[in-house]
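Structure first, commentary second.
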Amino acid sequence: MDTKDVEIYLVFNALRNVPAPEQAELFLRKLQQCCTVFDFMDTLSDLKMKEYKRSTLNELVDYVTVSRGYLTEQAYPEVVKMVSYNIFRTLPPSDSNEFDPEEDEPTLEASWPHLQLVYEFFIRFLESQEFQPSIAKKYIDQKFVLQLLELFDSEDPRERDYLKTVLHRIYGKFLGLRAFIRKQINNIFLRFVYETEHFNGVAELLEILGSIINGFALPLKAEHKQFLVKVLIPLHTVRSLSLFHAQLAYCIVQFLEKDPALTEPVIRGLLKFWPKTCSQKEVMFLGELEEILDVIEPTQFVKIQEPLFKQISRCVSSPHFQVAERALYYWNNEYIMSLIEENSSVILPIMFASLYRISKEHWNPAIVALVYNVLKAFMEMNSTLFDELTATYKSDRQREKKKEKEREELWKKLEDLELKRGLRNDGIIPT
Amino acid sequence: EPGSSEDSAEPKMAGADGDDSLYPIAVLIDELRNEDVQLRLNSIKKLSTIALALGVERTRTELLPFLTDTIYDEDEVLLALAEQLGNFTMLVGGPEYVHCLLPPLESLATVEETVVRDKAVESLRKISQEHSPVDLEVHFEPLVKRLASGDWFTSRTSACGLFSVCYPRVSSTVKAEIRQHFRTLCSDDTPMVRRAAASKLGEFAKVLELDYVKSDIIPLFTALASDEQDSVRLLAVEACVSIATLLPQEDLETLVMPTLRQAAEDKSWRVRYMVADKFSELQKAVGPEITKNDLVPAFQNLLKDCEAEVRAAAANKVKEFCENLPEDGRETIIMTHILPCVKELVSDTNQHVKSALASVIMGLSTILGKDNTIEHLLPLFLAQLKDECPEVRLNIISNLDCVNEVIGIRQLSQSLLPAIVELAEDAKWRVRLAIIEYMPLLAGQLGVEFFDEKLNSLCMAWLVDHVYAIREAATCNLMKLVEKFGAEWAQNTIVPKVLGMANDPNYLHRMTTLFCINALSEACGQEITTKHMLPVVLKMSNDQVANVRFNVAKCLQKIGPVLDNNALQTEVKPVLEKLAADQDMDVKYFAQEAISVLALA
């Protein structure tokens, strides 16, 4: 506790009860009072003082909302100080050892009765018509933003929601901080992907980024493209993807709408990180890919169709019926269908073997039915090619088998060689 | 034959076998390029075979350039590649050519995925040792410099792990450059790089000359320890251990202690946790005097920390800390400074804290001796034995041996018994399992009399537990008890009870009899096995449940070696033959197996 604690014991008049000229001074005093932070883990201590602070904060919220002419230059540092004293703290360790946001209930912030009002006050302050960024930037600086970003790891979703608004306002009003904010978000994401896989506020940060990306000027800067390829795409690899996938996919599509030339690196990136053992994630990837295909330009589609449909062909023949089903749904999408039709001579040969096999052996009758429809569609699109592929299906498989056998033989020879050399090096076979 | 006169330790070119065209590189490279990731991965894992087939020269001139150029693949493949290249020195022609491996490893050290990068760095560290001092300066050190000044954070992160391996073997000019690069990375813009540098600070300090430790490392250490990110600050705590070990005692106070004191009171619990977690190492590194003056109060604070996480980490270190205190004054320090905190922790609100304490607290008795233990520690042990959390009780029970040595277990037995009984009947089977595992130890400490009187019935009750894992552990427990108390004891106390279960209406219990016999026959010896156990087993061959019958066959196979030939031929053989003709397939199978193992055919 610091010296300002003394002040909290002085009960001031309500702001509205003092004459206007004295209000500015009293406002400052009340801000200083609210710097005192109480221990909410101890539910019995300082009850009166806690209540007094709560009502003072409420009063401050009202004051910045309706009053005019309250924002003297002296008020800025006091506001930022009061907010900092209250919200900046090292977040406590998670209660459950391995906090799983999908399963476990989040630990709610005990001091919320005060914290909420502080956030509320700060947002009203930032949104006030009298607010002048040119003065505030002396106090809302890089260090302030850095601490604010750390708070996004809070387990309490209510706090993250407020933080989202605060950060959004700061990004909007402080042009000088924008690049810094983006860079720090980068760092948070990279640590999340490559070091800890733990950060509670990823979805909220992505939501803010979604609107930031929306506002990027064209042509896109290299920095932004790098962010897309080196940060957003790797975010797909994280185990807890489902918690922020919607926001992530939104950001990706925003980028592609800005600059269609990014389609190829994005799809290649997704293919590189395609989930191999998690069907749930595979379904999410397929969903995102469909969103991308919805906005893809035909010229871009041609560039990427081969690797893309090789993957789709694998998905279609997935033994997990939800994956197969999700992939087969693409054929219900008119725009995608039109792209496939235009390029059927390339896509049909890639897809054919999987479809043909699955139509005979998938365990799930619904999938078999869907596959029949897809095969029928292909037949109608390009019957000559379809007949050709049907006719050569058997010999193609045999050729594959033969290749397989050749590979086995090659490796056997290589291994024999290694063995022989190993023996000779051990002096067993004389040279 | 060309090449045959060369040193045979060096792998030769494929030509040595007389057929150069046998393994054209194109075919091998096709394998490395296969569309199927799994096949690609398999090929990469056998990269050494491919290199062997190509011979050292073509490996250098064709395979390595190919690998360097085509490094864009799935991380799994890259990981395998990074690992392989660390063992490739002989395959490229020995240390003379080892620098050929640097280009592909350099690319791998810059990829995004951490596991790939770490593996590449590991391989680079490995092959750095195979470079001659000249090659190290000509090839290796420039690579480190390139990585250290890379654009993207990944290469700078990788560079951090390479400074210490080349520093000792290069000239003083190059050394100065390396120090400069390390300094730069310690104040890198990205926290990822600062974390990498902080985590290698201790390792780097170890290879530096003492003067440079003082002039270079200390300022870096101080800066990293007050970084804006707690994830960086906590890594500096780790480095603190190595740095303090390197410095002479008289410098510690000015160069290290201010930072360490600050870390112990850091506003982030993660940093304080790290201090608590490394406390024993720190204590050894700073020596007895500083420990007495500084670490004792710091340790007290950590034991009273407001975050349970920190208190638990500190509680874990209580015994080690006390043990490592300088002997003169140790008892006083413990009694006046540590014990009061420990007493508080016994009734902590957090069960992890209590259970961490319970796992070490018994160790204090050897340090404090008999009288102090009885007067001060015993009440704490007893309180913990009654704790509401089973893990706390278990931790006390599992460490009884320390107290046993000092005051004998009798002092505790009054309270021990209810605690054991309660754990033995805990609703969670894992708790029951844990206490069973301590039974043989307890039996040894408490003695046969106490055991027979109080614990025997528990051990028998576990045999009919409804969880298989408990019945299995109970069986194993009996075997250990017999090993401890002897065959005669077994015959008088447990064998009759075990054999009695052979008539139980529940077939699972009847099978438990067989499992017990499997476990006990050897420890009980031939006489008891033949006279008492065998008749029961043979009789069970008529059981109506097939599972019991095939377990009879398995049991006979198991106890066969304990029996004499006469019993085998006249008693076991006919029964096994009968079971071998059983109508149940499994019974037949196991009976036949037993016949063949016991050579009764």
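Just so we're on the same page: letters track the sequence lines, and every chain starts at 1. Side chains are part of it too, since the values below use all heavy atoms of this structure and drop only hydrogens, waters and symmetry mates.
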*Select all residues of residues 140-152 of chain A having any heavy atom within less than 4.5 Å of some heavy atom of chain B, and report them by number, or 'none'.*
A/Leu146, A/Glu150

*Please look at A/Trp274 and chain B and tell me whether the side chain, the backbone, both or neither of the residue comes under 4.5 angstrom of a heavy atom of that chain.*
neither

*Within a reach of under 6.0 Å around CZ of A/Phe285, are more than 12 heavy atoms found that belong to other residues, nucleotides or ligands?*
yes

*Checking B/Phe153 against chain A: side chain, backbone, both or neither under 4.5 Å from a heavy atom?*
side chain

*State the CG-CZ distance between A/Asn187 and B/Arg194, to the nearest 0.5 angstrom.*
8.5 Å

*Supply the atom-to-atom distance B/Thr154 OG1 to A/Leu190 CG, rounded to the nearest 0.5 angstrom.*
9.5 Å

*Between A/Lys272 and B/Glu112, does at least one N-O distance fall below 4.0 Å, as a salt bridge requires?*
no

*Backbone N or O of A/Tyr194 within a donor-acceptor pair of the B/Thr114 side chain at under 3.5 Å?*
yes

*Region of B/Glu113 that comes under 4.5 Å of a non-hydrogen atom in chain A*: both

*Hey, could you give me the CE/OG1 distance between A/Met41 and B/Thr349, rounded to the nearest 0.5 Å?*
9.0 Å

*Basic-acidic side-chain contact under 4.0 Å: A/Glu195, B/Arg195*: yes

*More than 12 non-hydrogen atoms from neighbouring residues, nucleotides or ligands closer than 6.0 Å to CG on B/Asp36, yes or no?*
yes

_Looking at chain A, which one of B/Asp230, B/Asn350, B/Asp75 has the largest number of heavy-atom pairs inside 4.5 Å, strictly under?_
B/Asp75

*asked:* Looking at B/Arg430, I want to see if its CZ is surrounded by more than 12 non-hydrogen atoms of other residues, nucleotides or ligands under 6.0 Å.
replied: no

*side chain to side chain contact (heavy atoms under 4.5 Å, CB included) between B/Ser231 and A/Arg191: does it pass, once the steps are laid out?*
CA-CA 10 Å; B/Ser231 53; A/Arg191 181 178 63 180; 4.0 Å; yes

*A/Glu406, CD: over 12 other non-hydrogen atoms inside 6.0 angstrom*: yes

*asked:* Closer than 3.5 angstrom, by distance alone: can the side chain of A/Thr90 be matched with the main-chain N or O of B/Lys267 as a donor-acceptor pair?
replied: yes

*Who are the side chain to side chain donor-acceptor pair (under 3.5 Å) partners of B/Glu228, not counting sequence neighbours?*
none

*May I ask you to check whether over 12 heavy atoms, not counting those of A/Lys221, lie within 6.0 Å of atom NZ?*
no

